[in-house]
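Working notes, structure below.
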Number of protein chains: 2
Amino acid sequence: MSLKLKALDQNQAIEMGKSCVCFITRKAARCITQFYDEMLRPVDLRSTQLILLNSIRILGPVSIKRLAKAVVMDRSALARNLKPLDKQGLIRIESGEDLRERVVTLTKLGLEKATEAFPLWEKAQAEVQNKLGREGLDTLFASLSGVVSLTRKK
Amino acid sequence: MSLKLKALDQNQAIEMGKSCVCFITRKAARCITQFYDEMLRPVDLRSTQLILLNSIRILGPVSIKRLAKAVVMDRSALARNLKPLDKQGLIRIESGEDLRERVVTLTKLGLEKATEAFPLWEKAQAEVQNKLGREGLDTLFASLSGVVSLTRKK
DNA sequence: TAAGATTAGGGGTATATGCCCCTATATGTC
DNA sequence: GACATATAGGGGCATATACCCCTAATCTTA
């Protein structure tokens, strides 16, 4: 930076603090995650983990790559997040026919865990829906989907 | 769990995958964070870091506790997030009059960094606003604020 | 004022997340 | 079939985030 910029003033700072989409979105993610985490505590699962188990439940035997795309997450981050689930025996990770691939499957134990978690998730979800209202929830989804697709490449 | 539950079926799984507020919110947070991060790369700051610098800019010399409350973040998580900023000399952390407290201040270098980052942030913000529209942005904010206040204790 | 309660942070532990670079495996082309 | 290219993951590195428990400092109250 060769140019001498005028130092960020209080008004600009306040504007950033109030209107930053990244800030509000991350803040909300932290809050909502804590909320779901707390609801899921009885089954000893984090929200992120339930999300993964559930996605694996849906996508059946699935490669890391495809799963990562489905949950919109970095491949290597996903792979790491799978480790605790693997260690607990909730999923199985094996080589596929294509030897480059690793195929992820839900185990019996994993399905049981997801089954136990479901009613707790429903309760959390219902509470949120209750507070935000059906419409609030719909617009929230619409907006956030907008954010996601906004930044998706390919 | 002594009760034998009926195993989570595909429809339930799909419902969870499609409607989970936690999932969509985290997904959006990841996406938007990557977007802002990329825009901020030229000044070698992450979005989270800019958010913190900016909050410190606004709140002046501020204790960890108060800052954590302002950004709605766990105290100890915040303290750790401050470390890289401290190491880079962008902030200063010292003891306050109350010896239990640590007081955080923006340094000259930190102010410069925030100043350089501001136009980049504006650009990112403008792009998002462009895609979502003024109204989309407003509803997004309303919804997310709802989520945050929904889960705030005290 | 001394004992008990409250408050601010620190450190341990575990997860979540992304980028970059490297290796192994496929695939496509001559 | 040999070589160039493309694809799937793994590992290093750095940050982000939360919970729990512990210590130090302050405040309250008997």
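Lettering follows sequence order; numbering is per chain, from 1.
Side chain of A/Lys65 to backbone of A/Arg75: no donor-acceptor contact under 3.5 angstrom is found.
Looking at heavy-atom distances under 4.0 Å, A/Asn81 makes contact with a base. Within 4.0 Å of B/Arg102, counting heavy atoms only, lie sugar-phosphate atoms of the nucleic acid but no base atom. When heavy atoms are screened at a 4.0 angstrom cut-off, B/Arg26 is found touching the sugar-phosphate backbone but no base atom. Across all strands shown, B/Arg66 has no heavy atoms under 4.0 Å from either base or sugar-phosphate atoms. Within 4.0 Å of B/Ser63, counting heavy atoms only, lie sugar-phosphate atoms of the nucleic acid but no base atom.
A/Glu94 places its CD atom 13 Å from the P atom of D/dG10, with the value rounded to the nearest Å. The distance from atom CG of A/Leu40 to atom P of C/dA16 is 12 Å, rounded to the nearest whole Å. Going from atom OH of B/Tyr36 over to atom P of C/dG18 covers 17 Å, rounded to whole Å. Rounded to an integer number of Å, the gap from A/Leu67 CG to D/dA8 P is 14 Å. For the pair A/Leu52 CG and C/dT15 C1', the interatomic distance rounds to 11 Å; values are reported in whole Å. Spacing between atom NZ of B/Lys65 and atom P of C/dT6 amounts to 13 Å, rounded to whole angstrom units. Residue A/Lys83 contributes atom NZ, which lies 14 Å from atom P of D/dG9 at whole-angstrom precision. One can place CG of B/Asp74 at 14 Å from C1' of C/dT15, the figure rounded to the nearest angstrom.
Nearest-nucleotide mapping onto DNA chain D: of B/Leu78 and A/Ile93, the residue sitting toward the 5' end is A/Ile93. Judged by closest nucleotide on DNA chain C, B/Asp98 is the one of A/Leu82 and B/Asp98 placed further toward the 5' end.
Checked for salt-bridge contact, A/Lys123 and A/Glu127 miss the test: no charged N lies under 4.0 Å from a carboxylate O. Between B/Asp138 and B/Arg134, at least one side-chain N (NZ, or NE/NH1/NH2) sits under 4.0 Å from a carboxylate O, which counts as a salt bridge.
Neither OP1 nor OP2 of C/dG9 sits under 4.0 Å from any side-chain N or O of B/Ser76. OP1 or OP2 of C/dC19 sits under 4.0 Å from a side-chain N or O of B/Gln34. Between A/Arg46 and the phosphate of C/dT17, there is no side-chain N or O to OP1/OP2 separation shorter than 4.0 Å.
Counting distance only, with no hydrogens placed and no angle test, the side-chain atoms of B/Arg80 and the base atoms of C/dG12 include a donor-acceptor pair under 3.5 Å. On a pure distance criterion of 3.5 Å, no polar donor-acceptor pair joins the side chain of B/Arg100 and the base of C/dG9.
Considering only the side chain of A/Glu101, D/dA8 comes nearest among C/dG9, D/dT15, D/dA8. With distances taken from any side-chain atom of B/Pro84 to the nucleotides D/dT15, C/dA16, C/dG18, the minimum falls on D/dT15. Listed candidates were C/dT25, C/dG18, C/dT17. Nearest to the side chain of A/Leu99 is C/dT25. Comparing D/dT15, C/dG10, C/dC19 by their closest approach to the side chain of B/Arg75 singles out C/dG10.
Counting heavy atoms from C-beta on, the side chains of B/Asp74 and A/Gln34 never come closer than 4.5 Å.
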Inset, instruction - Kindly indicate, with the supporting measurements, whether the criterion side-chain contact (heavy atoms from CB on, under 4.5 Å) is fulfilled by A/Leu132 and A/Thr139. - result: CA-CA 10 Å; A/Leu132 294 186; A/Thr139 49; over 6 Å; no
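Around the CD atom of B/Glu135, the shell of radius 6.0 Å holds no more than 12 heavy atoms that belong to other residues, nucleotides or ligands.
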